[in-house]
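What follows is a set of notes on a single structure, which appears directly below.
So you know, we letter chains A, B, ... as the sequences are listed, proteins then strands, and number each from 1.
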Amino acid sequence: MPELPEVETVMRGLRPVLEGHQIAHVTLRRSGLRFPFPLRFADRLAGKRIDTLWRRAKYILASLDSGEILLIHLGMTGRFTVIEGGRPKNLGEFYFETAAAEVGEGLHDHVALTLENGTRIIYTDPRRFGVMDLFPEAEAESHKLLRGIGLEPLGNAFDAAYLAERFKGKAAPLKAALLDQRIIAGLGNIYVCEALHRAGLSPRRKAGTMLRKRGHDPRLDDLVRHIREVLAEAILAGGSTLQDFAHTDGSAGAFQQRFLVYDREGQPCMRCGQAIERLVQSGRSTFYCRHCQR
DNA sequence: AGAAGGCCCTGACCGC
DNA sequence: TGCGGTCAGGGCCTTC
């Protein structure tokens, strides 16, 4: 479940491997993931240099010297393995031992990039919810997957006034509003649950109720602060996991030991001791404390 | 127009 | 041990 912090962590891990390097060769082991790969995908990547790598929402983006952008979404189970000097190194939230004879030959190894220096980057994605696309830079703003995405929650423009504006008149519950990528970029189920708990706000509360005649409920400021904090903490934890990736099985992203509510149904709330409850909102599990979150 | 639900996909897990 | 059902969920698409 890569959300913003996990995608950021993977992107930072790939940066030193990819930036400034030329793609020598691309192997596609199937015709697409969630969507078909773009026309002549492998051919168009070959020979191009990757200038910069960055993140927008849950997308990893690579600027190529050809003026094109390579877009990558990890879906639910996408991950990268980097092979430098014949030694595999996993980048990503999840790692599980593969029975494949060789990394890159596994059942779910769908894309392999080879760089001019011999480094190989394997994209593995069992569920194939991931996405890859390639398009001219000029089309980035109008790109179907990128247009209409809301503010980056770690950016300067993201504040309570912005949320108040976007929540105006909204009958949808806070949980749904925060998950809406058109409002905030990159939040997923886990961090929405965690941020709402930290802010003491019920996931069921209607988003529009956070407005006041003049301005907004002060707890909207708390919510913004907690969203930023939980994301920043998770990125730090992901970073530390990544650093000693060679020495860890990586199965436990450092941050998941710090969940206060997510996947803790029936366990005591860290704040008040009452049992954490689970409910289903728009088809997804929400975990929260009825007592602490109003 | 906005909201809700379906769908894609596979692995993990559970009960029998 | 094996098997079938259920769940996980990001984001597009369809339906209401």
I'd like a table of donor-acceptor pairs (distance under 3.5 Å, sequence neighbours excluded) in which one partner is a side-chain atom from residues 32-44 of chain A, with atom names and distances.
residue: A/R44; atom: NH1; partner: A/L39; partner atom: O; Å: 3.0
residue: A/R44; atom: NH2; partner: A/E68; partner atom: OE2; Å: 3.3
residue: A/R44; atom: NH2; partner: A/L134; partner atom: O; Å: 3.2

**OP:** Can you sort out the partners of A/Y123 under side-chain hydrogen bond (donor to acceptor under 3.5 Å, both in side chains), two or more places apart, ordered by chain and number?
**Re:** A/D125
**OP:** Identify whether any heavy atom of A/R278 sits under 4.0 Å from a base atom; if not, whether one sits that close to sugar-phosphate; answer base, sugar-phosphate or nothing.
**Re:** sugar-phosphate
Original post:
Can you tell me if the side-chain N/O atoms of A/H73 get under 4.0 Å from OP1 or OP2 in C/dG11?
Top reply: yes
Subject >> Sorted by number, the residues of residues 167-181 of chain A with heavy-atom contact under 4.0 Å to DNA chain C >> reply: A/Q181
**OP:** Only pairs at least two apart or in different chains count here, so list each salt bridge (charged side-chain N to carboxylate O under 4.0 Å, His left out) that has a residue in residues 169-182 of chain A.
**Re:** A/D180-A/R182
Atom pairs, N/O to N/O, protein against nucleotides 12-16 of chain C, distance under 3.5 Å?
residue: C/dC13; atom: OP1; partner: A/K144; partner atom: NZ; Å: 3.4

**OP:** Not counting sequence neighbours, which residues clear ring-ring contact (aromatic ring centres under 6.0 Å, His included) with A/H73? List them please.
**Re:** A/Y59
Subject >> salt bridge (charged side-chain N to carboxylate O under 4.0 Å, His left out) contacts in which one or both residues fall within residues 18-31 of chain A, not counting sequence neighbours >> reply: A/R15-A/E19
Original post:
Rounded to the nearest Å, what distance is computed from the CG atom of residue A/L74 to the P atom of nucleotide C/dG10?
Top reply: 12 Å
Subject >> Sequence neighbours excluded - salt bridge (charged side-chain N to carboxylate O under 4.0 Å, His left out) pairs with any residue from residues 278-290 of chain A >> reply: A/E265-A/R278, A/E277-A/R290
**OP:** List in numerical order all residues of residues 127-140 of chain A for which some heavy atom is under 4.0 Å away from an atom belonging to DNA chain C.
**Re:** A/R127, A/F129
Original post:
How would you list all residue pairs meeting salt bridge (charged side-chain N to carboxylate O under 4.0 Å, His left out) that involve residues 157-167 of chain A, not counting sequence neighbours?
Top reply: A/E165-A/K168
**OP:** Determine to 10° how strongly the helix from B/dG2-C/dC16 to B/dC16-C/dG2 is bent, judged from the axes of its five-pair ends.
**Re:** 50°
**OP:** Identify, with sequence neighbours excluded, every residue that meets ring-ring contact (aromatic ring centres under 6.0 Å, His included) alongside A/F167.
**Re:** none
